[in-house]
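Below you'll find the structure, written out as structure tokens, and then a few comments.
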Number of protein chains: 2
Amino acid sequence: MSGPTGTGEPAAPATARRPRRDAEANRRRIVRAGREVFGARGLQATLNDVAHHAGLGVGTVYRKFSDKRALAEVVFGEELDEIAAMARDALDRDDAFDALAEFLERALARAAHNRGLRELMRQGVAEGTGLARARREIHSHCERLVEQARDQGGLREGVTAADIARIAVMIDAVMALPAEQPAGQPTEQPSELWRRYLVIILDGLRAHRHQPPLPEPTEARRPRRNHPARSTTKPSTG
Amino acid sequence: MSGPTGTGEPAAPATARRPRRDAEANRRRIVRAGREVFGARGLQATLNDVAHHAGLGVGTVYRKFSDKRALAEVVFGEELDEIAAMARDALDRDDAFDALAEFLERALARAAHNRGLRELMRQGVAEGTGLARARREIHSHCERLVEQARDQGGLREGVTAADIARIAVMIDAVMALPAEQPAGQPTEQPSELWRRYLVIILDGLRAHRHQPPLPEPTEARRPRRNHPARSTTKPSTG
DNA sequence: CCATAAACGGATATCGGGTGTCCGCTTCGT
DNA sequence: ACGAAGCGGACACCCGATATCCGTTTATGG
């Protein structure tokens with residue numbers, strides 16, 4: 001991430017004096033705390049929260065990261081890079097549809113435990129940051145995966161990489177749900193309910209005999225059409 | 001919130017003096033403005049906003065509705081009642097799956113133009129309000145619809161009314177997306193993209209030959225299991 | 001071991017925006 | 001026309017996030 005250093009820290013002179021050992025360690029502690037706090041409480045956690053969680057003073061945090069955005073950029077940059085790696089791995093699989101499905105499952109499982117990451121993806125990522133780079137990498141891997149899956153005949157006609165991103169958004173929405181507990185157990189562990197809907201959606205994404213084309217290839221054209229929610233395999237006798 | 005009257009206004013004595021004509025008219029204007037403003041800008045719009053939009057002073061609004069919640073309750077009560085009516089209508093159709101699909105489509109089309117309504121559904125509805133009543137009515141209609149659709153063999157095994165609600169939440173999530181415009185037109189009309197995903201999900205909801213059971217019937221049990229995202233009709237040669 | 005610069009801590013000033021009140025003015029209704 | 005009911009909207013209040021400032025502590029190397 002050198003060259004276009006857009007990470008948020010004040011640039012040091014080329015002939016940089018080596019910083020104090022403990023200062024470097026603290027920086028790492030802050031990033032770690034950031035990951036934990038943002039993960040658990042979301043982006044709305046304050047840098048004060050992060051500082052306290054790291055066992056450090058607010059001042060220290062603000063000296064190393066000009067503001068919350070700067071820290072978030074580092075924290076979620078790492079996170080996104082790991083997800084990009086998952087996508088890269090998926091490219092090696094034989095069955096592209098399965099690869100896509102498993103990638104989604106792995107990436108979303110990661111997101112399920114990381115509220116901040118989910119919020120970040122929802123509100124989008126500023127161009128020119130390391131985040132944007134990782135996001136782009138993920139997207140391009142997905143494009144290739146989608147293409148392969150379609151060539152292999154496993155994927156419904158008309159599905160694009162953009163769809164994959166939006167499916168992630170949808171699944172994310174059910175993760176964000178209040179998580180009602182029907183009866184007893186006070187355990188507040190993250191619900192696994194989202195997997196249920198991933199299965200449903202993946203089944204809707206598979207190639208079948210006589211599927212009608214999906215509406216709205218990718219833009220918001222043509223508000224014409226009467227029953228856009230009517231689709232495949234009607235239970236008709238035919 | 002005494003007795004069943006839970007609408008939010010300060011209760012008047014039983015022998016109520018008829019209010020001034022203009023006062024009543026203003027109340028209606030406020031509700032109308034509330035519907036428009038909350039619909040367009042979401043729940044975070046202030047009562048000041050609503051007042052201004054209604055062409056009235058803030059004081060007037062606060063005299064009639066103690067706070068934003070009170071107004072929202074009236075505004076979205078009406079809205080939810082209309083959706084409940086849609087669900088009731090659906091019960092008359094012959095094919096229950098189609099009825100369900102069309103209900104979803106109609107209700108979501110409504111939601112697509114009403115940001116406030118969507119926000120409200122996302123964050124849930126306080127028990128004891130008129131909203132909760134309407135929500136319950138919708139839910140129970142959905143239950144019947146789901147039951148019928150399953151009996152008719154059109155619906156995948158294990159789908160419940162709660163799923164329907166969560167599907168609405170998922171679709172809502174794509175409505176909330178920033179709505180990127182790929183090229184030219186500056187028109188900011190509400191995207192119809194969500195229909196695409198409704199189709200996909202409905203296809204995943206239809207009964208097919210040899211579908212495996214959905215994971216997690218309704219609660220968050222069993223974190224065991226290795227590939228929960230693997231499902232139907234593998235492109236296997238069989 | 002001391003001197004000194006670097007790093008730290010955290011109390012606190014600042015800011016911003018939503019909320020809801022208050023009271024002088026206007027309008028309705030009789 | 002007169003009093004009560006209703007209205008308007010400036011503004012005081014509140015709350016929480018942000019970021020600074022400076023006295024104190026600590027690493028480092030001479």
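So you know, we letter chains A, B, ... as the sequences are listed, proteins then strands, and number each from 1. FYI, side chains are in, hydrogens and waters are out, and symmetry mates aren't considered; it's all heavy atoms of this structure. All values reported here derive from a predicted model rather than from experimental measurement.
Residues meeting the side-chain hydrogen bond (donor to acceptor under 3.5 Å, both in side chains) test with Gln123(B), sequence neighbours left out: none. Every residue two or more places apart in sequence or in another chain that forms a side-chain hydrogen bond (donor to acceptor under 3.5 Å, both in side chains) with Asp22(B) is listed here: Arg20(B). For Val125(B), the side chain to side chain contact (heavy atoms under 4.5 Å, CB included) test picks out Leu120(B), Thr129(B), Leu131(B), Ala132(B), Arg135(B), with sequence neighbours left out. A search for side chain to side chain contact (heavy atoms under 4.5 Å, CB included) contacts involving Glu143(A) returns His139(A), Ser140(A), Ala161(A), not counting sequence neighbours. Under the rule for a side-chain hydrogen bond (donor to acceptor under 3.5 Å, both in side chains), Arg144(A) has no partner lying at least two apart in sequence or in another chain. Asp89(B) meets the side chain to side chain contact (heavy atoms under 4.5 Å, CB included) test with Arg106(B); sequence neighbours excluded. Listed by chain and residue number, Arg41(A), Arg115(A) satisfy the side chain to side chain contact (heavy atoms under 4.5 Å, CB included) test with Gln44(A) (two or more places apart in sequence, or in another chain).
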Footprint string (nucleotides 10-16 of chain C, 5' to 3'): B base within contact, S backbone only, - free, heavy atoms under 4.0 Å: B------
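Following rounding to the nearest Å, Phe65(B) (CZ) and dC7(D) (P) show an atom-to-atom distance of 12 Å. Taking atom NE2 on His52(B) and atom P on dG18(C), their separation rounds to 15 Å, with Å as the unit. Counting to the nearest Å, the P atom of dA17(D) and the OH atom of Tyr62(A) are 10 Å from each other. One can place CG of Leu71(B) at 16 Å from P of dG18(C), the figure rounded to the nearest angstrom. Taking atom CG on Leu47(A) and atom P on dT20(D), their separation rounds to 12 Å, with Å as the unit. Look at CG on Asp67(A): it is 10 Å from C1' on dA19(D), rounded to the nearest Å. Taking atom CZ on Arg69(B) and atom C1' on dT19(C), their separation rounds to 15 Å, with Å as the unit.
Within the 4.5 Å cutoff, no side-chain heavy atoms of His141(B) are placed close to those of Met86(B).
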Quick one: which protein N/O atoms are closer than 3.5 Å to N/O atoms of nucleotides 26-30 of chain C? Pair and distance per line, please.
{"from": "dT27(C)", "atom 1": "O2", "to": "Arg20(B)", "atom 2": "NH2", "distance (Å)": "3.1"}
{"from": "dC28(C)", "atom 1": "O4'", "to": "Arg20(B)", "atom 2": "NH1", "distance (Å)": "3.1"}
{"from": "dG29(C)", "atom 1": "OP1", "to": "Arg21(B)", "atom 2": "N", "distance (Å)": "3.1"}

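Checking the phosphate oxygens (OP1, OP2) of dT19(C), a side-chain nitrogen or oxygen of Lys68(B) falls inside 4.0 Å.
In this structure, of dC7(D), dA7(C), dT20(D), it is dC7(D) that holds the atom nearest to the side chain of Lys64(B). Residue Asn26(B) places its side chain closer to dG6(D) than to any other of dG6(D), dA7(C), dG20(C).
Side-chain atoms of Asp163(A) and Tyr197(B) include a donor-acceptor pair closer than 3.5 Å.
If one axis is set at each end of the helix from dC1(C)-dG30(D) to dT30(C)-dA1(D) from five pairs, those axes are 10° apart, to 10°.
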Could you give the side-chain donor-acceptor pairs of residues 167-175 of chain B under 3.5 Å, partners two or more places apart or in another chain?
{"from": "Asp172(B)", "atom 1": "OD1", "to": "Arg118(B)", "atom 2": "NE", "distance (Å)": "3.0"}
{"from": "Asp172(B)", "atom 1": "OD1", "to": "Arg122(B)", "atom 2": "NH2", "distance (Å)": "3.4"}
{"from": "Asp172(B)", "atom 1": "OD2", "to": "Arg122(B)", "atom 2": "NE", "distance (Å)": "2.9"}
{"from": "Asp172(B)", "atom 1": "OD2", "to": "Arg122(B)", "atom 2": "NH2", "distance (Å)": "3.4"}

Can you give me every donor-acceptor pair (side chain of residues 48-55 of chain B, partner residue at least two apart or in another chain, under 3.5 Å) with its distance?
{"from": "Asp49(B)", "atom 1": "OD2", "to": "Thr46(B)", "atom 2": "N", "distance (Å)": "3.0"}
{"from": "Asp49(B)", "atom 1": "OD2", "to": "Thr46(B)", "atom 2": "OG1", "distance (Å)": "3.4"}
{"from": "His53(B)", "atom 1": "NE2", "to": "Glu36(B)", "atom 2": "OE1", "distance (Å)": "2.6"}

